[in-house]
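Chain A is the first sequence line, chain B the second, and so forth, proteins listed ahead of strands; every chain is numbered from 1.
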Number of protein chains: 2
Amino acid sequence: MADRVSIKDIAKAADTTHSTVSRALRDSPLISDATRERVKRLAREMGYTPNAVAQSLQTNRTNAVGLVVTSIADPFLADVVKGVEEVAQPVGLSVFLNASHNDPNQEIQVIETFHRRRVDGILVASSRIGSNHLDRLARIDVPVVLINSEAGEDSDFLHSVTVDDQTGARQAVRHLIDRGHRRIGYLGVRNRPLSNERRRQGYLDALAEAGIEPQDDWVEIAAPAGIGRDQDVTAAEALTPSLLSAGVTAIFCFNDMVATGVLLACKHQDVRVPDACSVVGFDDIDLARYVTPSLTTVHQLKREMGSIAMQMLHDLIEGKTVQNRVLPPRFVRRESTAPPPRSDA
Amino acid sequence: MADRVSIKDIAKAADTTHSTVSRALRDSPLISDATRERVKRLAREMGYTPNAVAQSLQTNRTNAVGLVVTSIADPFLADVVKGVEEVAQPVGLSVFLNASHNDPNQEIQVIETFHRRRVDGILVASSRIGSNHLDRLARIDVPVVLINSEAGEDSDFLHSVTVDDQTGARQAVRHLIDRGHRRIGYLGVRNRPLSNERRRQGYLDALAEAGIEPQDDWVEIAAPAGIGRDQDVTAAEALTPSLLSAGVTAIFCFNDMVATGVLLACKHQDVRVPDACSVVGFDDIDLARYVTPSLTTVHQLKREMGSIAMQMLHDLIEGKTVQNRVLPPRFVRRESTAPPPRSDA
DNA sequence: TCATGGCGTGCACACGTGTGCACTCTGCTC
DNA sequence: GAGCAGAGTGCACACGTGTGCACGCCATGA
């Protein structure tokens with residue numbers, strides 16, 4: 001009952017028209033102070049709550065944005081989403097959350113849904129979408145900000161915020177080299193091809209700088225069954241023995257989940273970390289501090305990525321122009337790295 | 001350009017009226033097969049995407065639900081949200097995600113936003129809201145499902161799905177007793193009072209069954225600075241020494257995060273787990289398998305809670321009646337529990 | 001006294017879609 | 001041949017809000 005009250009009802013109660021009520025509630029200077037106050041008081045008393053649906057239809061603005069992530073249960077993305085939320089809420093933007101699970105059908109469906117709902121902008125933290133569905137995104141005619149999956153040739157509606165994967169990877173591997181390692185492995189993933197390629201390249205850069213010839217059997221690329229933590233861990237666990245038997249004394253991992261899988265595998269094989277083998281992760285999710293040994297890793301500004309991306313999208317919606325952002329990684333040394341068992345000359 | 005096409009435009013192209021187009025697209029039996037096909041083909045060719053905003057205004061259904069969580073970065077809630085998503089997407093419901101951070105102002109604002117947007121239902125995974133904002137929720141006149149925070153006296157619009165905290169806790173503590181422990185501590189949290197109280201009660205039940213007199217200094221209740229993982233861990237870490245010096249040989253923790261804090265504290269104090277002290281968690285988040293030693297804990301059906309809650313909400317929206325659900329916990333034994341160091345007679 | 005101007009209000013239309021009702025047309029039946 | 005049923009379509013209104021424009025009123029000034 002308190003629900004169904006519209007500005008028309010208020011108008012009736014105030015003995016005026018809905019136009020006046022609308023203007024009074026929006027503090028239009030056209031309205032006299034007396035009626036403005038009278039209308040506002042009535043609105044309060046009658047328990048009026050504006051109908052955002054009708055407003056959207058009229059103003060052609062929904063004040064809603066779409067957010068696609070590959071998986072919500074990914075702790076990395078959870079932090080990103082948190083950052084998004086922290087900016088969206090204060091500026092009055094609502095967020096439609098959708099997962100894509102790297103499934104082409106769901107990706108299409110999600111974009112379609114955002115279009116139908118006439119969102120004012122889209123945030124993508126799901127690497128495949130940026131590249132694969134450009135045409136579909138373009139048709140919506142709405143600003144898009146990609147997170148950790150660059151904007152290809154910069155079109156005028158596609159923007160991005162990323163971390164400098166390659167530099168982060170190079171720093172991490174250089175640390176291992178500085179500690180005396182020469183035989184260093186890379187354990188990557190197949191289902192996030194862009195980041196994986198950049199981090200692998202950083203790994204190769206560091207080896208090259210140190211004059212180390214990379215060996216084929218130092219590199220393994222896991223193909224996790226799905227998306228998210230569990231699969232990364234399991235897939236990495238399975239591939240670790242092969243790397244160890246290739247004789248590496250340190251393993252640089254695509255992310256902390258993969259590194260955790262390596263830790264578990266070492267535990268089962270009684271390979272002591274870091275004494276017998278050093279391990280380095282990427283992302284610096286909370287987990288990195290909780291495992292034993294705690295993970296040396298590359299810190300990403302996860303929450304900041306989310307909030308910066310959301311701020312960019314907000315600016316774009318307001319018609320401002322924005323600059324793409326590349327955030328700096330930060331190397332974090334913890335307990336999972338040490339010099340190699342015996343120095344390899 | 002492909003955007004601004006409405007059913008009126010299609011009507012013009014098909015040399016008919018928007019009424020016919022509307023009916024044709026909705027497969028109304030009033031329309032002849034010929035025109036239906038013609039309209040549908042034109043709609044496709046012109047790149048028509050229905051305007052959900054206008055549809056909502058007309059039908060008084062938004063096909064959107066609101067989801068409030070205390071924090072998105074909480075791994076427990078992340079799984080719940082995932083379950084919600086998995087049900088919502090297929091049935092065509094969109095999800096507005098909002099965080100409350102246990103902040104009364106934000107809680108009010110979130111509910112207000114959901115009302116303005118005329119969501120068809122609300123999902124609450126933020127314990128405080130159920131009890132504190134009943135009046136506000138009632139005013140929206142929309143079904144509400146609470147997750148892990150019961151529905152008080154069951155009103156007709158409030159429903160819930162919870163886990164049986166008390167039984168889970170009792171099972172966990174009984175396991176410790178079976179292993180031979182007599183001096184068992186409880187490390188709880190202050191900012192989730194309902195669950196905390198139920199788990200503490202289960203702890204007391206188990207002690208009572210074994211004829212053990214609980215001691216005041218066996219129980220500590222942490223007051224984490226905020227919500228989510230990090231604060232739980234830190235707060236628990238700080239309180240662990242006090243429990244250890246009370247002479248307990250095992251600690252039952254409010255959740256796995258708290259347990260992780262205990263593990264860290266023990267590590268720093270060189271107290272070996274489980275040899276010198278056993279530790280039990282709650283929730284069975286992924287982390288529980290990754291720490292060393294892996295955590296003995298109480299498994300919760302996290303994803304299922306989300307999907308069941310969403311299914312309930314969907315049924316309620318469709319006008320069906322539903323039953324509140326209490327999910328069974330499942331005790332999981334891992335590496336963090338063992339008999340006490342020397343048997344206390 | 002009349003023109004002028006400003007202030008406050010109401011009228012009417014718009015946004016895009018759904019739907020009850022009236023209308024037209026075709027073909028059939030008596 | 002008139003009447004009628006039924007199928008297909010269009011008209012008009014509704015949903016709740018925002019806004020350009022015209023109107024009425026009052027005060028001011030010539």
Side-chain angles (χ1 to χ4, degrees), chain A residues 1-40 42-43 46-64 92 115-120 140-141, chain B residues 1-40 42-43 46-64 92 115-120 140-141:
Chain A
M1 50 186 62
D3 194 17
R4 302 276 167 252
V5 38
S6 74
I7 56 172
K8 258 180 205 159
D9 301 322
I10 301 179
K12 202 170 298 175
D15 195 32
T16 176
T17 60
H18 82 278
S19 323
T20 300
V21 174
S22 171
R23 283 192 256 256
L25 292 177
R26 306 178 63 73
D27 288 321
S28 159
L30 291 178
I31 302 298
S32 70
D33 293 353
T35 44
R36 187 202 336 280
E37 289 315 315
R38 185 161 46 97
V39 165
K40 285 196 171 181
L42 276 169
M46 302 173 67
Y48 170 70
T49 301
N51 185 328
V53 176
Q55 291 177 325
S56 297
L57 182 59
Q58 168 64 260
T59 61
N60 209 19
R61 279 268 310 242
T62 53
N63 291 312
H115 191 178
R116 272 203 355 260
R117 296 207 172 265
R118 299 295 191 267
V119 296
D120 292 335
I140 308 189
D141 192 28
Chain B
M1 49 184 64
D3 194 17
R4 303 278 167 250
V5 37
S6 75
I7 57 172
K8 259 179 205 161
D9 301 321
I10 302 179
K12 201 171 298 176
D15 194 33
T16 175
T17 62
H18 82 277
S19 325
T20 301
V21 174
S22 172
R23 284 193 254 256
L25 292 177
R26 305 179 64 74
D27 287 322
S28 159
L30 292 178
I31 301 298
S32 72
D33 293 355
T35 44
R36 186 199 338 278
E37 289 314 314
R38 187 161 45 98
V39 166
K40 285 197 171 182
L42 277 169
M46 301 172 67
Y48 170 71
T49 302
N51 185 329
V53 175
Q55 291 177 326
S56 299
L57 182 60
Q58 169 64 259
T59 61
N60 208 21
R61 279 269 310 242
T62 53
N63 291 311
H115 191 180
R116 273 204 354 259
R117 296 207 172 267
R118 298 296 191 267
V119 296
D120 292 336
I140 308 191
D141 191 28

Find the distance [X]:[atom1] to [N]:[atom2] and express it as a whole number of Å.
X	N	atom1	atom2	value
A:N63	D:dT17	CG	P	15 Å
A:R26	D:dG20	CZ	P	12 Å
A:N51	D:dG18	CG	C1'	13 Å
A:M46	D:dG16	CE	P	13 Å
A:L25	D:dT17	CG	C1'	11 Å
A:R4	D:dT17	CZ	C1'	16 Å

Query raised in the report: With a cut-off of 6.0 Å (strictly less than), are more than 12 heavy atoms of other residues, nucleotides or ligands near CG of B:D15?
Result: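 No, CG of B:D15 has 12 or fewer neighbouring heavy atoms, counting only those of other groups under 6.0 Å.
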Query - Minimum-distance pair of heavy atoms, taken over all atoms of B:L25 and B:Y48 - result: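 For B:L25 versus B:Y48, the nearest heavy atoms are CD1-CE2, 3.6 Å.
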Report task. For A:N63 and A:D120, work out which heavy atoms get closest and say how close. Result ->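 For A:N63 and A:D120, the tightest heavy-atom pair comes out as N-OD2, 2.6 Å.
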Requested in this report: Within residues 54-62 of chain A, find the residues that approach DNA chain C with a heavy atom at under 4.0 Å, and present them sorted by residue number.
Outcome: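 By residue number: A:L57, A:Q58.
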Report task. Verify side chain to side chain contact (heavy atoms under 4.5 Å, CB included) between A:Q58 and B:L57, making sure each step is shown before the conclusion. Result -> CA-CA 11 Å; A:Q58 168 64 260; B:L57 182 60; over 6 Å; no
Query raised in the report: Among A:L42, A:T16, A:T35, whose side-chain contact (heavy atoms from CB on, under 4.5 Å) with A:V21 holds?
Result: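 Among the candidates, only A:T16 passes.
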Distances for protein N/O vs nucleotides 7-11 of chain C N/O pairs under 3.5 angstrom?
unit_1: C:dT9; atom_1: OP2; unit_2: A:S32; atom_2: N; d: 3.3
unit_1: C:dT9; atom_1: OP2; unit_2: A:T35; atom_2: OG1; d: 3.0
unit_1: C:dG10; atom_1: OP2; unit_2: A:T16; atom_2: OG1; d: 2.3
unit_1: C:dG10; atom_1: OP2; unit_2: A:T17; atom_2: N; d: 3.4
unit_1: C:dG10; atom_1: OP2; unit_2: A:T17; atom_2: OG1; d: 3.4
unit_1: C:dG10; atom_1: OP2; unit_2: A:T20; atom_2: OG1; d: 2.8
unit_1: C:dG10; atom_1: O6; unit_2: A:R23; atom_2: NH2; d: 2.6
unit_1: C:dC11; atom_1: N4; unit_2: A:S19; atom_2: OG; d: 2.9

Query raised in the report: How about A:R117 and A:T62: do any of their side-chain heavy atoms sit closer than 4.5 Å?
Result: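 Of all side-chain heavy-atom pairs linking A:T62 with A:R117, none is under 4.5 Å.
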Query - Heavy-atom side-chain proximity of B:K40 to B:D27 below 4.5 angstrom - result: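 Yes, at least one pair of side-chain atoms sits under 4.5 Å.
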Query - side chain to side chain contact (heavy atoms under 4.5 Å, CB included) between A:R118 and B:T49, intermediate numbers included - result: CA-CA 10 Å; A:R118 299 295 191 267; B:T49 302; 3.9 Å; yes
